[in-house]
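What follows is a single structure, written as structure tokens, with notes after it.
These numbers were taken from a predicted model, which means no experiment stands behind them. All values below come from the heavy atoms of this structure, side chains included, with hydrogens, waters and symmetry mates left out. In each ligand, atom 1 is the first atom listed, and ligand 1 is the first ligand listed.
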Amino acid sequence: MDLSYRDITYCKNVGAKRADILRSELGVHTAMDMLRQYPYKYIDRSKFYHIAELDDEDTYVQIIGEVTEWHTIGIGKAQRLSAMFNDGMHQCELVWFKGVQYVKLQKGIKYLLFGKPSRFDHRFNFVHPELTPWSKVTPEMTQGLEPYYNTTDKMKRVGLNSKAMRIIIADLIPDLRQGVPDTIGADVLQQYKLMSLTEALTNVHFPRDRFAMQNARARLKFEELFYIQLQILRQMKRREQNTGYLIPTVGTRFHSLYRALPFPLTEAQKRVIREIHEDLKSGHQMNRLLQGDVGSGKTLVALLCCLLANDNGYQACIMAPTEILANQHYETLKAFLAPLNKLSAVSHQPSVNIALLTGSTTKKQRVPLHDGLRNGQIDILIGTHALIEDEVQWKNLGLVIVDEQHRFGVAQRAKLWNKNQIPPHVLVMTATPIPRTLAMTVYGDLHVSIIDELPPGRKPVQTIHYSIERRAQVYSFLRQQIEQGRQIYVVYPLIKENEKLDLQDLQNGFNELCEAFPEYRISMVHGQMKAADKDLQMQRFQSGETQILVATTVIEVGVNVPNASVMVIQNAERFGLSQLHQLRGRVGRGADQSYCLLLTRNELTKETRQRIDTMVATNDGFRIAEADLQLRGPGNLEGTQQSGLPFDLHIANLSTDGRLVELARQAAMTILEKDPLLEDEFNRIYKNRLDILRIEAYNWGEIS
Ligand code: ADP
Ligand code: MG
């Protein structure tokens with residue numbers, strides 16, 4: 001019988017109670033589901049140790065020897081059993097804190113000891129080791145790699161520990177060896193030199209040897225990544241079929257702005273505009289990701305794209321993650337458009353009508369705004385989340401640009417798309433550099449354009465690390481910079497759990513700076529302030545009225561004050577790498593040498609140390625993203641949680657299995673290029689498997 005149809009309840013050593021737990025804790029319903037619970041590690045049981053050889057505290061070992069003496073200490077719950085174990089040359093202590101009454105020891109017989117040594121007073125001991133009389137040791141017990149399984153507290157309560165899992169799975173192996181239908185076609189298996197599913201499942205649990213274990217795992221990782229790519233790419237292919245508004249003409253508005261620009265576009269900016277325009281005139285909906293390091297000039301690209309839409313009779317909007325940023329975009333774009341609108345007042349040139357809609361737009365202001373959007377008088381709308389509220393209706397929204405996408409949920413984007421019958425073109429802009437393999441997965445359904453060039457004349461920001469004890473030195477450096485006419489950001493971390501404390505930190509910092517720099521003016525902004533106050537403070541800084549801006553991370557994205565040349569990051573140890581990089585991107589926008597000062601406490605963990613060192617060593621956003629991925633793993637990278645993967649990863653790891661991601665994508669692409677909707681009989685195996693995975697992901701999502 002197909003193991004996919006065998007109810008887990010009726011598998012050996014399971015039963016109704018354990019089956020319930022397996023279903024609710026692991027989503028295991030069938031024998032096949034059980035075989036898909038992969039070990040998280042293996043212990044080599046073919047190797048025996050001597051006590052004298054012990055040095056690594058983290059791995060399990062086995063030793064042959066005798067128990068020479070033992071005694072119990074304490075009574076009742078606090079009772080403890082201590083025994084001495086001798087391997088013929090040396091001895092070590094064995095300790096039991098729990099279940100002492102069940103430990104039966106015997107002198108004069110040989111035991112196999114299995115456990116994890118821990119160091120205590122320069123000597124090794126074993127807490128709760130497994131002791132098996134040598135006469136009961138079967139050959140299987142000391143053969144090869146023993147698999148270990150993750151379990152939960154609920155599982156352990158019904159005896160489902162790693163060993164029990166191993167026993168249940170071992171019992172399924174003979175039936176598995178009869179062969180199970182593969183989930184990957186023979187041609188792909190052959191091309192990528194992959195094990196069959198039967199071989200892979202056998203060897204992932206009970207490997208013949210280390211080599212077979214690695215091959216088994218590679219095959220199962222490939223399979224996971226392959227189906228993720230198949231799903232993502234199929235969606236992309238399907239969306240490519242979506243009708244999109246036709247935006248073919250490069251018209252008057254675009255040309256007049258282009259001519260009026262105070263600087264030439266970089267080659268990279270020109271290239272991405274061409275790529276975007278190709279999509280806009282294709283007749284299909286655009287879904288494109290625009291990546292470019294901070295300061296690479298994405299805003300201008302966005303504006304030119306909006307004008308492409310306007311020139312063809314469509315409205316456009318730009319969504320920003322914060323009100324400050326929306327305001328800033330609005331002001332920036334209005335300034336860019338000023339010469340063009342001046343011209344239109346005195347000639348037949350069309351104007352560009354741009355408007356702002358945020359949470360603090362009043363009811364009264366909204367009425368004409370909504371009208372303007374409905375009757376098409378507004379060409380470009382800049383805004384925050386307020387943009388996707390239901391009462392906002394458009395005459396003909398043709399292009400949606402989402403800035404700093406990682407702050408927006410996928411669902412929110414979808415809401416915007418669903419408003420029209422024909423979905424508008426979508427351009428997602430991000431300054432968070434994403435490593436290639438991650439981009440292929442997390443943004444795998446978007447086409448990618450990259451601005452890989454900064455405008456000319458930018459000097460790389462110099463990054464320096466100071467421990468907080470050297471504050472005086474930092475202040476004298478700041479004073480020197482201000483005296484040269486520069487401005488300074490001082491940023492404090494924001495920890496969501498305790499906003500009050502955060503504000504306290506910020507207020508203290510502000511007071512301290514006021515004391516240290518009585519001769520200068522200082523602005524302060526934070527998330528709890530009223531929008532109008534925030535604006536006022538930002539404006540004072542932007543206009544140069546204040547020399548120092550003290551802020552929480554609200555300034556992280558998008559703020560543009562070219563004269564600010566120093567970024568001081570307080571408690572830099574509390575920021576992630578990509579956040580530090582974003583913050584640093586706020587300076588280095590003018591002609592002057594800029595600096596980023598990372599202030600930390602004195603003692604740092606190894607990981608923090610690496611983060612700070614990376615920042616000091618490089619300005620390259622992509623190198624920083626790679627380092628971030630290595631340090632934190634993909635789950636924690638900004639931008640990944642929200643985007644989500646179509647299916648969970650159980651064995652593959654995006655930070656270490658990059659090569660497999662590429663191969664899997666290549667394999668999936670080859671299949672879809674010939675058969676985009678997986679309609680061929682030949683590809684039925686993939687279609688069916690995708691259906692199953694989708695149902696599983698759905699059901700599992702419902703439960704957890
Ligand atoms: P980001 O990609 O981080 O959003 P911005 O769009 O804010 O970058 O651009 C950063 C700065 O560079 C702005 O002051 C912008 O006017 C300027 N800029 C953009 N393109 C160019 C260019 N081609 N040459 C010179 N300066 C440019
Ligand atoms: Mg920007």
Has ligand 1 got any nitrogen or oxygen that is less than 3.5 angstrom from a nitrogen or oxygen of [X]?
| X | result |
| --- | --- |
| G295 | yes |
| G297 | yes |
| P264 | yes |

Using a strict threshold of under 4.0 Å (side-chain N to carboxylate O), is an ion pair present between [Y] and [X]?
| X | Y | value |
| --- | --- | --- |
| E607 | R611 | yes |
| R601 | E573 | yes |
| E267 | R271 | no |
| R623 | D628 | no |

Which part of [X] is near ligand 1, with near meaning a heavy atom under 4.0 Å away: side chain, backbone, both or neither?
| X | answer |
| --- | --- |
| T299 | both |
| M429 | neither |
| R458 | side chain |

Task: Check against side-chain contact (heavy atoms from CB on, under 4.5 Å), L478 and I488 - done: CA-CA 8 Å; L478 297 185; I488 289 163; 3.7 Å; yes
Open item on the list: Take a 6.0 Å sphere around NZ of K342 and say whether it holds more than 12 heavy atoms from other residues, nucleotides or ligands.
Closed with: no
TODO: Can you sort out which atoms of ligand 1 are near L265, meaning under 4.0 Å from one of its heavy atoms?
DONE: 23 (N)
TODO: Would you mind listing which atoms of ligand 1 come within a distance below 4.0 Å of any non-hydrogen atom of T266?
DONE: 23 (N)
